[in-house]
There are 2 protein chains.
Amino acid sequence: MKHFSEISESALRVVDAAEGLIQQRGYNGFSYDDVAKLVGIKKPSIHHHFATKGDLAATVAQRYTHRFREQLLRIEGHHAKAADRLAAYAALFENTYAIDQRLCVCGMLGAEVNSLPAGVTHEVSRFFEVNTDWLATVIADGQRAQQLRPLPEARALAETFLAALEGAMIVSRSSGSARGPAGVAHTFLLSLLA
Amino acid sequence: MKHFSEISESALRVVDAAEGLIQQRGYNGFSYDDVAKLVGIKKPSIHHHFATKGDLAATVAQRYTHRFREQLLRIEGHHAKAADRLAAYAALFENTYAIDQRLCVCGMLGAEVNSLPAGVTHEVSRFFEVNTDWLATVIADGQRAQQLRPLPEARALAETFLAALEGAMIVSRSSGSARGPAGVAHTFLLSLLA
DNA sequence: GTCTATACAGTGATAGAC
DNA sequence: GTCTATCACTGTATAGAC
């Protein structure tokens, strides 16, 4: 698969459209024709940029993970304390959800993982690995500096926080009533700090 | 839509097969032919029992919610303390996940909610409503009896707990490394009780 | 890079016989 | 309740011209 940094400008428009469709409808919920209509070209032109649907989705996930890592770096540069970093992290999910209730690309693909081409599955698992590792480090640092309670263990908290954010997007969009990732993060961090 | 308690024995086998397919692959990831092959009959026979795919999925979600409510009642009958009830609740998710890493039917459908027929969407939102209400009541009772910390507020905790369980199934299945709903629930309840 | 045309499998769904 | 046969349509994907 081509790396997203090497693709043309028209291919980028295809990736943008596919990303939105995946967040709204999932991998099995959109077609090349949907992408073509959004971009304003014909279906075979999409195949010119991405030979298979799996290639396209893998590129979407790859770029999504890359952008997330950029944001993680930005958070480290802007916030020193663990609690502030975790709050800024939660805002990444809230900002995504704020655009037409879009889901996390990898949360959506994660739900569909058993019906995905192998290349996509790999990118999705990498996203979760990157995020869990980063959260675990932030939390462990915060515990060591006594900014956070020493228990539960950092990695367990990291997995729980990530799961709560991913789940919050899904439950909120379906139930209408629930308060979304921001609310869930707030509740979680309250418990973590108290 | 017909209520699931009124359908025939052969229709029940169809619902069983569709339920498993939804948990593994999602609404947009299975076809009438997949169901037919699992049940051992032909595609038009599925249509005889459920005119549309939406009818079938709605019945699956309806029965799933009903069974969940039976389990909630059973928990109330077996456990008096809030913490025990919450742990037993988490076990419902863990037991589902333990069967070939099956997702919660409504967690999966919730992710796909923007590409679902209206009848299915309605059943999914009802599932989340039932679960959030029950959890909020259990937690509020526990807080009143001083078995749980008085903050955060019961409904906020209920939404967060449910989101964490739904998210844990998705993240664990995709990442391989994470510890599943049981681990996440354990971590969450530790924070809640400490 | 985009197009028209097309291949070909699969999709949800229906008609009508047994 | 199940079947064969068939429908109209959409799905991913390819060939080849511009």
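Labels below follow one simple rule: chain letters A, B, ... track the order of the sequence lines, proteins then strands, and each chain is numbered from 1. The figures here come from the full heavy-atom set of this structure, side chains too, leaving out hydrogens, waters and symmetry mates.
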Pair up each side-chain donor or acceptor in residues 84-92 of chain B with any protein partner under 3.5 Å, not counting sequence neighbours, and list the distances.
unit_1, atom_1, unit_2, atom_2, d
B:R85, NE, B:H79, O, 2.6
B:R85, NH2, B:E76, O, 3.3
B:R85, NH2, B:H79, O, 3.1
B:Y89, OH, B:N131, OD1, 2.6

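- Considering only residues two or more places apart in sequence or on other chains, B:Y27 meets the ring pair (Phe, Tyr, Trp, His ring centres under 6.0 Å) condition with none of them.
- Atom-to-atom, CD1 of B:I7 to P of D:dG1 comes out at 10 Å; the value is rounded to the nearest Å.
- Partners of B:D133 according to the side chain to side chain contact (heavy atoms under 4.5 Å, CB included) rule, which considers only residues two or more places apart in sequence or in another chain, are B:E129, B:R155.
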Donor-acceptor pairs under 3.5 Å, side chain of residues 29-36 of chain B to any protein atom, not counting sequence neighbours: which ones?
unit_1, atom_1, unit_2, atom_2, d
B:S31, OG, B:D33, N, 3.3
B:S31, OG, B:D34, N, 3.2
B:S31, OG, B:D34, OD2, 3.4
B:Y32, OH, B:F50, O, 2.9
B:Y32, OH, B:T52, O, 2.9
B:Y32, OH, B:K53, N, 3.1
B:D33, OD2, B:K37, NZ, 3.4
B:D34, OD2, B:S31, N, 2.9

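- Residue pairs that meet the side-chain hydrogen bond (donor to acceptor under 3.5 Å, both in side chains) test with at least one member in residues 66-75 of chain A, sequence neighbours left out, are A:H66-A:E70, A:Q71-A:R74.
- Listed by chain and residue number, nothing satisfies the side chain to side chain donor-acceptor pair (under 3.5 Å) test with A:H78 (two or more places apart in sequence, or in another chain).
- Scanning for side chain to side chain donor-acceptor pair (under 3.5 Å) contacts around B:R25 gives an empty result, with sequence neighbours left out.
- Evaluation of the ring pair (Phe, Tyr, Trp, His ring centres under 6.0 Å) test over residues 95-119 of chain B, restricted to residues two or more places apart or in two chains, returns none.
- For the helix from C:dG1-D:dC18 to C:dC18-D:dG1, the angle separating the two terminal helix axes comes to 10°, with each axis derived from five pairs and the value rounded to 10°.
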All N/O pairs under 3.5 Å across the protein-nucleotides 2-9 of chain C interface:
unit_1, atom_1, unit_2, atom_2, d
C:dT2, OP2, A:H49, NE2, 2.8
C:dC3, OP2, A:K42, N, 2.6
C:dC3, OP2, A:S45, OG, 3.0

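- The neighbour count for A:H122 NE2, taken as heavy atoms of other residues, nucleotides or ligands under 6.0 Å away, does not exceed 12.
- For the segment residues 23-33 of chain B, residues with any heavy atom less than 4.0 angstrom from an atom of DNA chain C are, sorted by number, B:F30, B:S31, B:Y32.
- In this structure, B:K53 atom NZ and C:dG10 atom C1' are separated by 12 Å, rounded to whole Å.
- Within the structure, a side-chain polar atom (N or O) of A:S8 is placed less than 4.0 Å from OP1 or OP2 of C:dG1.
- Remark: B:S115 pairs with B:N28 by the side chain to side chain donor-acceptor pair (under 3.5 Å) rule, at least two apart or across chains.
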